[in-house]
2 protein chains.
Amino acid sequence: MTPQRELVLGVVRSLGHATPEQIADAVPEVDPATVYRTLELLEDIGLVRHTHLGHGAPSYRPAEDDHVHVVCHACGRVLDAPADLVDGLEQRLLGEQGFRLDRAHFTVFGRCGTCGPAGGTAQASGGTP
Amino acid sequence: MTPQRELVLGVVRSLGHATPEQIADAVPEVDPATVYRTLELLEDIGLVRHTHLGHGAPSYRPAEDDHVHVVCHACGRVLDAPADLVDGLEQRLLGEQGFRLDRAHFTVFGRCGTCGPAGGTAQASGGTP
DNA sequence: ATAGCTGCAAACGGTTTGCCTCACA
DNA sequence: TGTGAGGCAAACCGTTTGCAGCTAT
């Protein structure tokens, strides 16, 4: 564990979820290339995990955060739902297809209650440009 | 509907799911830029849909294919599961969070039966490099 | 002396943009 | 004659790689 790795891990822990770029920005003293290499390493040794929250960049977070990611197409908000939300799905996939669901690497898309069934868009930040 | 758009739509329909790049490769007579612009347009008018199957490129398919995508981390295979697989999840999300799930834009990750609980990897093509 | 890690800078792949030309209404 | 679509090429972003210097064995 080098200082840079501690820093990156610290940022991942403090940000909750963040893209490599956000992480790199948060630790300007560490080279972006090192951030990428470190994230890969931290993931290999099981300290962090990543998820694809849509479009481009993956989102990294501490491995101990076990929850399901729910993303609103309209406002871009990322909600964290309890992991047990997918228990039923997990059972069915296992039973019907022998497929072992990886809950951590899992994102659900749709429209949050705030944004309503359609049209109304309670803009938060990113959204669906 | 221009010839190029017909071509792109045709390829999406014949490939089932494909990345913009694969589509562009399949229609060399259409410029890649046009492929991207066309896919966006076809999605706007509801003829195609896209999903994020992991890593980088999104996967486009005909809008009428309504199923859930299940991707194996180990072998990279993409299984199509019946859309009703997520009915339970859909209900819970709606009930508990007022969140309207978009089943089409939805990918489940894990390990398929062929690849087993761990270790054993029935390599197919891509996988997790 | 060796192995591993970092920073830097260049390369990279896929995607997006600007601009100009062409076809058609 | 005006509007929009397509091609081309350059720009772009996030990511990856090669290399050289440094540090701690």
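- Across all strands shown, Glu29(A) has heavy atoms under 4.0 Å from sugar-phosphate atoms exclusively, and none from any base.
- Between Thr2(A) and dT6(C) there is a side-chain N or O to OP1 or OP2 distance below 4.0 Å.
- Distance, Leu41(A) CG to dG4(C) C1': 12 Å, rounded to whole Å.
- One interatomic measurement links the two molecules: CD of Glu21(A) to C1' of dT16(D), which rounds to 15 Å at whole-angstrom precision.
- A straight line from CD1 of Ile23(B) to C1' of dG14(C) spans 14 Å, rounded to a whole angstrom.
- Crowding of Glu6(A) atom CD: a count of heavy atoms from other residues, nucleotides or ligands under 6.0 Å exceeding 12.
- Rounded to whole Å, atom C1' of dT17(D) lies 14 Å from atom OH of Tyr36(A).
- Taken from CG in Leu89(A) to CG in Asp87(B), the straight-line distance is 10.5 Å, to the nearest 0.5 Å.
- Within 4.0 Å (heavy atoms only), Pro58(A) reaches sugar-phosphate atoms of the nucleic acid but no base atom.
- When distances are taken from the side chain of Thr34(A) to each of dG7(C), dT15(D), dG7(D), the shortest belongs to dG7(C).
- Within the 4.0 angstrom heavy-atom criterion, no nucleotide atom of any strand lies near Glu40(A).
- Side-chain contact check for His17(A) and Asp80(A): at least one donor-acceptor pair (N or O, by modelled atom type) lies under 3.5 Å.
- As judged by a 4.0 angstrom heavy-atom cut-off over every strand, Pro20(A) is placed among residues touching the sugar-phosphate backbone only.
- Side-chain proximity of Arg5(A) to the nucleotides dC5(C), dG18(C), dT15(D) is greatest for dC5(C).
- When the C1' atom of dG13(C) is taken as reference, atom CG of Asp25(B) falls 13 Å away, rounded to whole Å.
- Residue Arg37(A) has its side chain nearest to dC19(D) when only dC19(D), dG14(C), dT16(D) are considered.
- The main-chain N or O of Arg100(B) is never found under 3.5 Å from a side-chain atom of Glu90(B) such that the two would form a donor-acceptor pair.
- As rounded to whole Å, 15 Å separates atom P of dG14(C) from atom OH of Tyr60(B).
- The side chain of Gln4(A) has dT6(C) as its nearest neighbour among dT6(C), dG14(C), dT15(D).
- In this structure, of dC8(C), dC8(D), dT15(D), it is dC8(D) that holds the atom nearest to the side chain of Ala33(B).
- Atom CG in Leu7(A) sits about 14 Å away from atom C1' in dC5(C), given to the nearest Å.
- Just one residue in the list Val12(A), Thr38(A), Ile23(A), Val30(A) forms a side chain to side chain contact (heavy atoms under 4.5 Å, CB included) with Leu7(A), and that residue is Val30(A).
- The distance from atom CE of Met1(A) to atom P of dA24(D) is 17 Å, rounded to the nearest whole Å.
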